[in-house]
Amino acid sequence: MPELPEVETVRRGLEPVLLGRRIEDVLVRRFDLRMRVPENFRSHVSGKKITRLLRRGKYILAVLDDGNGFGLHLGMSGRVKVQPPSTDRNTDQNYALHDHVVFMMEEGSKIIFNDPRRFGMVFPIDKKWEEEKPFSRMGPEPLEKDFSGTKFALRLKGKTTPIKTTLLDQSVVAGVGNIYVCEALYHAGISPLKKAKMIHGTRAGKLASAVRHVLEMAIEAGGSTLRDHRQTDGSEGYFQYSFSVYDREGQACPSCVCDPAITGGIRRIVQGGRSTFYCPRKQK
DNA sequence: CTCCTGTCCTGCCGGC
DNA sequence: TGCCGGCAGGACAGGA
């Protein structure tokens, strides 16, 4: 579920409870997440203070006062819950099903990573994290000032794959997933079936701003809650009420003058095994 | 190298 | 009501 806006929403919710705070201890209740939590994770973070809390693509990163840190990925169904200080002991009955990793903060609050499908990850990073594994290959941050149409077009150059699947590639742009790629293509008026290399010049600029705009609006709304996404206080995001095309098969798109009973409205197709929603009349 | 398919795991929803 | 298939926001490995 969680794409850039959901991850950013969670990161912002964690700032007040994590930033500048010390981690007293970590309880790993399940090690077998998407990537196995290493046995030494506890000693890697315990007793350290969090000096920076960042987001890169769909990852949340905490930098610790020794220069190392840890990363968090929510996978498809991950949530992060913030539990205020309490006298509860760390017994199983005080945890919910799928509460896999618990960060116990010095002042008593608990940060709980919960993930039913276990597609998420909690992993250690070191000082050179930017040069390593997923981050070294990751594309530009779409919300950075320098994310321009020209730089974007350069990444699309030569790609024969449809623009929809290309945008899901994290080495092209970081953080965009299945919902927001559909929404951004709609706002840019570009068909998801168009070959990526055909998007250049003005259209690349339009697509870059559409991606940025959709993500910014979604962050403002606290993300989209379809099933699992929650803000750290447990409340839902509400950008799903602003979807133009995603999950709206058969309905009219917002500015359409057509009658969906005749035209069929928003269409759902499958690309790369995943649903794509678009308006064939507004996206060419 | 690029591109495509299958797979990891659980929960939920719709159809029969 | 209950069971079963299909589908879900992601990302990687492996093969063509």
Side-chain angles (χ1 to χ4, degrees), chain A residues 1-11 29-37 55-60 71-80 96-101 113-123 132-139 142 155-185 192-197 211 214-215 218-219 221-231 236-250 268-277:
Chain A
M1 123 202 158
E3 305 180 28
L4 188 152
E6 290 74 32
V7 176
E8 178 61 20
T9 298
V10 170
R11 190 199 67 79
R29 303 181 72 242
R30 274 200 85 140
F31 286 86
D32 55 339
L33 307 183
R34 171 76 205 265
M35 176 197 292
R36 193 170 176 84
V37 180
R55 181 193 51 73
R56 181 77 173 99
K58 297 171 191 167
Y59 291 81
I60 291 172
L72 213 60
H73 193 288
L74 302 176
M76 295 276 264
S77 57
R79 284 186 201 179
V80 181
L97 190 63
H98 309 306
D99 279 352
H100 303 315
V101 182
F113 175 75
N114 176 290
D115 183 11
R117 293 175 72 177
R118 280 186 283 126
F119 280 7
M121 305 177 241
V122 177
F123 58 97
E132 290 165 1
K133 312 199 184 166
F135 308 107
S136 52
R137 305 194 58 239
M138 210 172 272
R155 300 248 172 193
L156 304 177
K157 200 178 166 188
K159 297 243 178 225
T160 56
T161 43
I163 186 66
K164 156 76 187 322
T165 45
T166 307
L167 289 180
L168 291 179
D169 181 346
Q170 300 298 294
S171 69
V172 172
V173 207
V176 177
N178 207 38
I179 293 177
Y180 299 106
V181 69
C182 293
E183 293 297 308
L185 286 170
L193 298 158
K194 199 105 188 156
K195 281 191 196 307
K197 64 180 180 184
V211 167
V214 164
L215 296 175
I219 291 171
S224 305
T225 298
L226 295 185
R227 303 183 167 73
D228 306 303
H229 169 65
R230 289 293 184 287
Q231 307 192 38
E236 301 192 346
Y238 49 91
F239 192 72
Q240 65 277 15
Y241 302 117
S242 301
F243 287 168
S244 297
V245 289
Y246 188 82
D247 211 13
R248 300 191 66 233
E249 183 180 15
R268 173 187 177 271
I269 58 173
V270 175
Q271 292 179 286
R274 318 189 62 190
S275 290
T276 300
F277 299 88

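Numbered from 1 within each chain, the chains take letters A, B, ... in sequence-line order. Only this structure's heavy atoms are used, side chains among them; waters, hydrogens and symmetry mates stay out.
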Mutual orientation of the aromatic rings belonging to A/His100 and A/Phe113 [parallel < 30°, tilted 30-60°, perpendicular > 60°]: tilted

Sugar-phosphate, base or nothing in reach of A/Tyr246, heavy atoms under 4.0 Å: sugar-phosphate

Pairwise P distance for C/dC12 and B/dG11, with rounding to whole Å: 24 Å

Side-chain donor/acceptor of A/Arg274 to base of C/dA8, under 3.5 Å: no

Nucleotide forming a Watson-Crick or wobble pair with B/dC9, both distances under 3.5 Å: none

Ring centre gap for A/Phe243 and A/Phe277 strictly below 6.0 Å: no

Upstream residue (5' side of DNA chain B) when A/Arg137 and A/Gly272 are each assigned their closest nucleotide: A/Arg137

Nearest-Å distance for atom pair CG/P, residues A/Leu72 and C/dA11: 13 Å

Option among A/Leu226, A/Asp247, A/Val214 that satisfies the side chain to side chain contact (heavy atoms under 4.5 Å, CB included) test with A/Ile179: A/Leu226

Distance below 4.0 Å between A/Arg268 side-chain N/O and C/dA8 OP1 or OP2: yes

Check: B/dC9 base within 3.5 Å donor-acceptor of A/Arg118 side chain: no

Among B/dG11, B/dT10, C/dC12, the nucleotide that comes nearest once only the side chain of A/Leu97 is considered: B/dG11

Aro-ring/base stack A/Phe119-C/dG10, d under 5.5 Å, angle under 30°: yes

Side-chain N,O (A/Ser77) to OP1/OP2 (C/dA8) below 4.0 Å: no

Sugar-phosphate only, base, or nothing, as touched by A/Arg30 at under 4.0 Å among non-hydrogen atoms: nothing

Salt-bridge contact A/Arg118-A/Asp32 (side-chain N to carboxylate O under 4.0 Å): yes

N/O (side chain, A/Lys133) to phosphate O (OP1/OP2, C/dC12) under 4.0 Å: no

Donor-acceptor side-chain pairing of A/Thr166 and A/Lys159 below 3.5 angstrom: no

Phosphate-side-chain proximity, A/Gln170 and C/dG10, N/O vs OP1/OP2 below 4.0 Å: no

A/His98 side-chain N/O to B/dG11 phosphate OP1/OP2 under 4.0 Å: yes

Rounded distance in Å between the P positions of C/dG6 and B/dG6: 14 Å

Sugar-phosphate only, base, or nothing, as touched by A/Thr165 at under 4.0 Å among non-hydrogen atoms: nothing

Over 12 foreign heavy atoms within 6.0 Å of CZ, A/Phe31: yes

Separation of B/dC9 P from A/Asp32 CG (nearest whole Å): 8 Å

Phosphate OP1/OP2 of C/dA11 contacted by A/His73 side-chain N/O (<4.0 Å): yes

Pair partner, C/dC3 [Watson-Crick or wobble, under 3.5 Å]: B/dG15

Whole-Å gap separating P (C/dA11) and CZ (A/Arg56): 12 Å

